[in-house]
Student: 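This is the structure I want to talk about, given as structure tokens.
If you're wondering where the values come from, they're calculated on a predicted model, not measured in any experiment.
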Amino acid sequence: LGFPCVAGLVPWHSAQFAMAPAELHQTTTGMFMLLGLSACGLRIASGCTSIAVGARATADGSVIVAQSEDGDDLADARVIYVPARKFPPGAMAPSYYTDGPFPRWVSNDLGPGYMPNSLVGPNLTQPIGYIPQVRHTYAYWSSYFGIINEHNVAIQESTCSAMFHTCAKGDTRGCEPGRTDGEAILDIRMLSMFALERAKTAREAVKIMGDLAYEHGFYGTHDENGDGESLIVGDSGEAWVFHILADPTGTKAIWAAVRVPDDSVTVVSNMFTIREVDVRDTANCMASPNIYSVAQEYGWWKPGDILDFTRVYGNGEYDSKYYAGRRMWRILSLAAPSLNLDPEYDDLRYDRAWPWAAKVDHPITLKEVLTWYRDWYAGTPFDTTKGLAAGYGGSPDRFGRGPDAVEGAWERTIALYRTNLLKVTHIRAETPELPKQVAGVVWVANGPAHYSPVLPIPSGFSEELPVMSKATPWHHDKNTLCWQARKVMTAAQARFDHMHPLVEAQQKIVEAAGLEVLAKMQGELLHGQQSWGEELVAHTDRVLKIWQGLPDEMLLRFNYNSDMTKIAAKTNQLGMSPTSDTAALGYPNEWLQEVGFTKHPLPPVETQCPPLCPGSSVPQASSEQLAVWDKSASWIFWLALAAALPASIMFVVAQRSLSPRSAKDLLRNSPYVQF
């Protein structure tokens, strides 16, 4: 998994992280873990890609908001349901510190999924502050962030750079100059969950988050240059982009939100994108009361000018040049190829290289958005399956560099090896034929999008899905899709160009089956069934079994860098020593040339004595000997084949009996064969 930085630390229990920052600093083990993880450059929410597609830009009139949670191998990849709750007057809602690895927190206040258990330990996370609680909260699905609530309001996230930062209450890390202890009690995770507990529309969710952050203070991550945050908020009618950062005092927040045009697509990929902020346009823009005053105080804006939020409050690209911009360019180009957008620019903070939102050339489908998240720039000069870095198997993945690596950067693709969750939320308007419970559906991949199956979770579904709710980074669990996706990815590195098509074939099968499961749930609701959705749990279990068998199928077929399904019997020109040979995959010629294969010297030509001695000649086979050998070739071949056949059968039987059932075997007995 790549835990070299933590390997030498003292033993610990995962629940030791379930404490407030101040409490964490007061424990020896907690301090060891904190220092060790910081030394490793721990980055939990490093680099998410979020997308919004307006209602008139989609093929079915839906709104689509999506995000890949591109963290690392210590992140909490669980998908957990939070039920609706009722509270007495005067109740207070806890706010938890959440900038850390698994578990995100442990609490008795958020339903069974967050309560202490054997996975997260017995210790409860201590709140760092409280806000006034409402009398009734709505049910919602959550990951590191709120995903979608029972009213089909959905939220997606992307960490961004920002000009101001502060630290959380009780924390001393990441404080702005002059501060030693934080006061802010809300980060983007808590804001997203408070919004889904309380909002019936996207617009309402934006206002709730902005007001809470301005009153109680906002703090960002400790990610490098990740002090700001962006959310895409959608419902069945509209989508908004929401940007936020700490204010200079560390006690409030600066924020702005702009409505996405209904006929357009927009992208946020670790950098603020909002340009003009005009609070007079109340239908399309909202902002904090200090949006202009802080900019004016620092000399970054003056009255009468248009306030460019990205230019004023952003702090450039997140990690390296093209880290944010390449993803924006690619998605906008796929949605509107007629714009012929230029992938090059100087400084994206100041250059308006592309439109903030692109009017689509064609109606966008849910399936198309899923393919965007499985994109590595194929067909462009930036295709990461090409070149020496892709290896002889053409892998698009570029893994993190070690602590002593030289300075540099890879192309940052949309499909990413360290994605823990992909969430594509498809929100349609409720109708008599489309009940609210299934009008909003989040399609979840519990791992890298290009190695994972995508499964549907309707907003009204409330049952636990163990294949998604039990994952922990601290030990392998074959019964979770998170770990099975990582296993598929690891296996595919051996020969991506041949193995990944097997993954794609299974993805198509199970995702088509997911649509059938949704249709069945819709029918159950329309027929008034009180218990509905049992088929979804069974569907997730079937998909897990397929993904459990897939790595074995890939390795069995392509071991020895060969295609083991293509066996040919060959003999030499004399008909002797027939061999059972596999079809070697070989290596791409371009790769061989790059790694120096063609520069290796050939054997010398033997021109010395012996064998070329004066007066001697090299023995040659007579024509009579060749004729005899030629006649005997056929019976020698059949004799050798008869001897080899029983051994080959025994080998295949033994190989199959020692390995788990393959994905192909599972599919043969699966109801999904009809798809």
Student: Once ring-ring contact (aromatic ring centres under 6.0 Å, His included) is applied, do any residues pair with H500, and if so which ones, sequence neighbours excluded?
Tutor: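 By the ring-ring contact (aromatic ring centres under 6.0 Å, His included) rule, H500 matches W376, Y451, F496.
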Student: Mind checking what makes salt bridge (charged side-chain N to carboxylate O under 4.0 Å, His left out) contact with E464, not counting sequence neighbours?
Tutor: K470
Student: I'd like to check the salt bridge (charged side-chain N to carboxylate O under 4.0 Å, His left out) partners of E317; sequence neighbours left out, ordered by chain and number.
Tutor: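 With sequence neighbours excluded, E317 shows a salt bridge (charged side-chain N to carboxylate O under 4.0 Å, His left out) to no residue whatsoever.
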Student: Any side-chain donor-acceptor pair under 3.5 Å between T159 and N270?
Tutor: no
Student: Going by distance alone, is a donor N or O of one side chain under 3.5 Å from an acceptor N or O of the other, for Q507 and H450?
Tutor: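 Short answer, no.
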Student: Taking only residues two or more places apart in sequence, or in another chain, which ones meet S320 in a side chain to side chain contact (heavy atoms under 4.5 Å, CB included)?
Tutor: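 With sequence neighbours excluded, S320 shows a side chain to side chain contact (heavy atoms under 4.5 Å, CB included) to Y323, A409, given in chain and number order.
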Student: Only counting residues at least two apart or in another chain, list the ones meeting salt bridge (charged side-chain N to carboxylate O under 4.0 Å, His left out) with K321.
Tutor: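 Applying salt bridge (charged side-chain N to carboxylate O under 4.0 Å, His left out) to K321 gives none.
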Student: Does anything in residues 381-391 form a side chain to side chain donor-acceptor pair (under 3.5 Å)? List the pairs, not counting sequence neighbours.
Tutor: D383-T385
Student: Could you pull out every donor-acceptor pair under 3.5 Å between side chains of residues 442-449 and any protein atom, sequence neighbours left out?
Tutor:
| residue | atom | partner | partner atom | Å |
| --- | --- | --- | --- | --- |
| N446 | ND2 | A77 | O | 3.1 |
| N446 | ND2 | N420 | O | 3.4 |

Student: Checking S143 against E69: is there a side-chain donor and acceptor pair closer than 3.5 Å?
Tutor: yes
Student: Can you tell me which residue pairs pass the salt bridge (Lys or Arg N to Asp or Glu O under 4.0 Å) test with a partner in residues 329-339, sequence neighbours excluded?
Tutor: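 Listed by first then second residue: R330-D375.
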Student: Considering only distance and modelled atom types, tabulate donor-acceptor pairs under 3.5 Å from the side chains of residues 590-598, sequence neighbours left out.
Tutor:
none

Student: Looking at residues at least two apart in the chain, or sitting in another chain, which of them share a side-chain hydrogen bond (donor to acceptor under 3.5 Å, both in side chains) with S230?
Tutor: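 So S230 forms a side-chain hydrogen bond (donor to acceptor under 3.5 Å, both in side chains) with H243.
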Student: State which residues pass salt bridge (charged side-chain N to carboxylate O under 4.0 Å, His left out) with R495; sequence neighbours excluded, sorted by chain then number.
Tutor: D497
Student: Between Y322 and E344, is any side-chain donor less than 3.5 angstrom from a side-chain acceptor?
Tutor: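 Yes, a side-chain donor-acceptor pair sits under 3.5 Å.
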Student: Side chains of Q67 and S158: donor-acceptor distance under 3.5 Å anywhere?
Tutor: no
Student: Using side-chain hydrogen bond (donor to acceptor under 3.5 Å, both in side chains) as the criterion, list what pairs up with R78, not counting sequence neighbours.
Tutor: D76
